[in-house]
Engineer: 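Structure below; questions to follow.
Numbers restart at 1 for each chain; the letters A, B, ... are given by sequence-line order, proteins then strands. Just so we're clear, the structure is a prediction, and the values are computed from it rather than from any experiment.
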There are 2 protein chains.
Amino acid sequence: MPFKKGPIPAYFRLKQIIIDDIKKKGMNPGDMLPSEREYCERFGLSRMTVRQALKELEHEGIIVRERGRGSFVAIPPIEQEGIMSFTEMVRAKGLEPETEVLEFQKRPAGPWGEFLEIGEKEEIYEITRLRKASGVPIAVETVFIPALLVPGIEAADLSGSLFTVLQERYGIEIKRSKTSFSAVLSTPEMEKVLMLGGTWPLLRVESLNFYTKPIYYEISHYRSDQFKITVNISR
Amino acid sequence: MPFKKGPIPAYFRLKQIIIDDIKKKGMNPGDMLPSEREYCERFGLSRMTVRQALKELEHEGIIVRERGRGSFVAIPPIEQEGIMSFTEMVRAKGLEPETEVLEFQKRPAGPWGEFLEIGEKEEIYEITRLRKASGVPIAVETVFIPALLVPGIEAADLSGSLFTVLQERYGIEIKRSKTSFSAVLSTPEMEKVLMLGGTWPLLRVESLNFYTKPIYYEISHYRSDQFKITVNISR
DNA sequence: TAATTTAACATGTATATACATATAGACATA
DNA sequence: TATGTCTATATGTATATACATGTTAAATTA
């Protein structure tokens, strides 16, 4: 009975015990957990306390509870929540992501300043990259990021995930994104770098990415015959 | 005291009363709600019952609770998480959503059976609707839904939100969606119903919507010059 | 006056108990 | 065999009570 005293609430400790149990005993999704009353006996707790633990585990998606039947290990969501980065998406398809920097310049924010919540005259980096999957050009992506946030990014390796560079070099972890999708026709310039050989409909993705404040704005054009963007969302 | 009897749980009714109160009294974000013990007295309920109501409201993001201080009206998130339904998106832009049913048929699931996790020979409804915003055609949408899940949907009003019909008529609340985006060129058929007058790039949205299991599959084509689809995502 | 203590009040944690309701299986009946 | 009923067991709802702990402001003290 590990619940005699201590500063950590009993229901909280019970939660961790249940999580550990599921892992340790190698329980599978759908397996039934002990009943509420069984937990009461085993740990000398009241039913309300046990219920608080189970209720929170249910909210966290770790278990599911069915009235009259019992509590069961939840089926973990098969796919990742939210939008994946380009690197993640390509790897998920079993392909190798490649990136080529097409353009890199430092210039005043101009109209992007509004999105990034900085002055129009403050400097930003504008980085345009061609992204490929196992050699096939998939998208052209332009990123606008305030220069103050990423000093010395010139020296960083931008042939991989910008996400990773921000996190490892600057401790910036994107937590929230506002992304909009539309369809446009390719311009001659895009056709050239994407090797399209003609006019094609392209998927345009505009995305403002936040940490505690806006970090960078991104505009990408995907040749969506080759590559669909998928998002998984819970409500 | 509206809590003497009835099939609807007291905590649930209290939740609705509190929500109504917030609206009716025009309370602003940050305003303090009555204390737990005040609710107990006012409605003759035990504190645990009141707490269950408040806890759920907190989970739903309607109130925030601070230990030692009280409960307060939450600051509503500026933008809704996830993808909004067509109806929600149009209203958010201050336009009036309209829907016209173009086609309605019952037929075997065929290849859609795989997505919907039913047999190929089981019956589904295939519903095609034209969706407009303040009179302007915006999208053509086709929904595939197992007939067993929505018996008698022929009689329902499909000129509004399918989301609402599922919830109110069948108790089905979509909890998770897997959505993919791509760009395509319009077909003559689409050009006709969307009144495009020529070939245009369209935003194609395919979406599988889940409750506890897959509920319906949806394919929409948006004229994205008029209408961008935006998603807000936390990681 | 300024700092500290105290008291009132808020939510958080926990127990004990009772009855309601949903589920599944055992059992009896037609 | 098929159907319906009973029963054990599960979670859901609800009450009453007690003490812990964080917050705030008034009262007290130096």
Side-chain angles (χ1 to χ4, degrees), chain A residues 1-18 21-22 27 30-74, chain B residues 1-18 21-22 27 29-74 170-173 211-213:
Chain A
M1 324 247 203
F3 295 104
K4 274 301 162 199
K5 50 177 182 242
I8 299 156
Y11 80 91
F12 194 87
R13 279 183 283 176
L14 179 57
K15 272 175 65 179
Q16 298 187 308
I17 288 174
I18 294 172
D21 260 22
I22 291 173
M27 292 181 79
D31 285 358
M32 189 178 177
L33 291 163
S35 76
E36 295 178 352
R37 288 187 166 90
E38 207 170 319
Y39 279 123
C40 298
E41 273 190 39
R42 281 236 295 260
F43 299 107
L45 296 169
S46 77
R47 196 168 148 233
M48 292 301 279
T49 304
V50 171
R51 279 176 64 76
Q52 179 165 7
L54 293 176
K55 213 165 193 173
E56 293 202 0
L57 288 172
E58 184 184 30
H59 265 305
E60 291 164 16
I62 294 166
I63 66 171
V64 293
R65 311 175 73 196
E66 287 178 46
R67 181 176 186 165
R69 302 221 313 130
S71 300
F72 306 84
V73 179
Chain B
M1 321 250 203
F3 294 104
K4 273 303 161 200
K5 51 175 181 246
I8 298 157
Y11 80 92
F12 194 87
R13 280 183 282 176
L14 178 57
K15 271 176 64 180
Q16 298 187 310
I17 289 174
I18 294 172
D21 260 23
I22 291 173
M27 294 181 76
D31 284 359
M32 190 176 175
L33 290 164
S35 74
E36 296 177 354
R37 286 188 167 88
E38 208 168 321
Y39 278 122
C40 298
E41 274 189 41
R42 280 235 296 261
F43 298 106
L45 296 170
S46 75
R47 194 165 152 235
M48 292 300 280
T49 303
V50 171
R51 279 175 65 74
Q52 180 166 6
L54 294 175
K55 212 165 193 175
E56 292 201 1
L57 289 171
E58 183 183 32
H59 252 306
E60 291 164 18
I62 294 164
I63 66 170
V64 292
R65 313 175 71 199
E66 286 177 47
R67 180 176 186 163
R69 302 223 311 132
S71 299
F72 306 85
V73 180
Y170 303 100
I172 295 170
E173 194 173 354
Y211 179 42
T212 52
K213 55 184 175 185

Engineer: Would you please name every residue forming a side-chain contact (heavy atoms from CB on, under 4.5 Å) with Met27(B), sequence neighbours left out?
Structural biologist: Ile22(B), Lys25(B), Asp31(B), Leu33(B), Val73(B)
Engineer: Give a yes/no answer on whether the side chain of Arg51(A) brings an N or O atom under 4.0 Å of OP1 or OP2 in dG12(D).
Structural biologist: yes
Engineer: Within this structure, what is the CD-to-P distance between Glu41(B) and dA10(C), rounded to whole angstrom?
Structural biologist: 10 Å
Engineer: Is the distance from OP1 or OP2 of dT15(C) to the nearest side-chain N or O of Thr49(A) less than 4.0 Å?
Structural biologist: yes
Engineer: dA10(C), OP1 or OP2 - any side-chain N/O from Arg65(B) closer than 4.0 Å?
Structural biologist: no
Engineer: List the residues meeting side-chain contact (heavy atoms from CB on, under 4.5 Å) with Arg67(B), not counting sequence neighbours, and say none if there are none.
Structural biologist: none
Engineer: Once salt bridge (charged side-chain N to carboxylate O under 4.0 Å, His left out) is applied, do any residues pair with Arg47(B), and if so which ones, sequence neighbours excluded?
Structural biologist: Glu36(B)
Engineer: Please give, in whole Å, the distance from dT11(D) C1' to Leu57(A) CG?
Structural biologist: 15 Å
Engineer: Would you list the protein and nucleotides 17-19 of chain C atom pairs, both N or O, that sit under 3.5 Å from each other?
Structural biologist:
none

Engineer: Kindly write out the residues that satisfy side-chain hydrogen bond (donor to acceptor under 3.5 Å, both in side chains) with Ser71(A), not counting sequence neighbours, or none if the list is empty.
Structural biologist: none
Engineer: In whole angstroms, how far is the P atom of dA14(D) from the CD atom of Glu36(B)?
Structural biologist: 16 Å
Engineer: Which sits closer to the 5' end of DNA chain C, Met32(B) or Lys55(B), going by the nucleotide each is nearest to?
Structural biologist: Met32(B)
Engineer: Select one nucleotide: of dT11(D), dT15(D), dT13(C), the one nearest the side-chain heavy atoms of Leu45(B).
Structural biologist: dT15(D)
Engineer: In whole angstrom, what separates Glu58(A)'s CD from dG12(D)'s C1'?
Structural biologist: 11 Å
Engineer: When the distance from CZ of Arg13(B) to P of dA14(D) is rounded to whole Å, what number comes out?
Structural biologist: 8 Å
Engineer: What residues form a side-chain contact (heavy atoms from CB on, under 4.5 Å) with Arg69(A), not counting sequence neighbours?
Structural biologist: Glu66(A), Phe72(A)
Engineer: So do the side chains of Glu60(B) and Leu57(B) get within less than 4.5 Å of each other, counting heavy atoms only?
Structural biologist: yes
Engineer: Closer than 4.0 Å, any side-chain N/O of Ser71(A) to the OP1 or OP2 of dT11(D)?
Structural biologist: yes
Engineer: For the side chain of Arg67(B), counting heavy atoms from C-beta on, which of dT21(D), dT13(C), dA22(C) is nearest?
Structural biologist: dT21(D)
Engineer: Grab the CD-P distance between Gln52(B) and dG12(C) for me, whole Å please.
Structural biologist: 14 Å
Engineer: Whole angstrom is fine here: how far is it from OH in Tyr39(B) over to P in dA14(D)?
Structural biologist: 17 Å
Engineer: With sequence neighbours left out, what residues match Gln52(B) under side-chain contact (heavy atoms from CB on, under 4.5 Å)?
Structural biologist: Lys55(A), Tyr11(B), Glu56(B)
Engineer: In chain order, what residues pass the side-chain hydrogen bond (donor to acceptor under 3.5 Å, both in side chains) check against Ser46(A), with sequence neighbours excluded?
Structural biologist: Thr49(A)
Engineer: For nucleotides 5-7 of chain D, list the nitrogen or oxygen atoms of the protein found under 3.5 Å from its nitrogen or oxygen atoms, one pair per line.
Structural biologist:
none

Engineer: In this structure, how many angstroms lie between the P atom of dA10(D) and the CG atom of Leu54(A), rounded?
Structural biologist: 13 Å
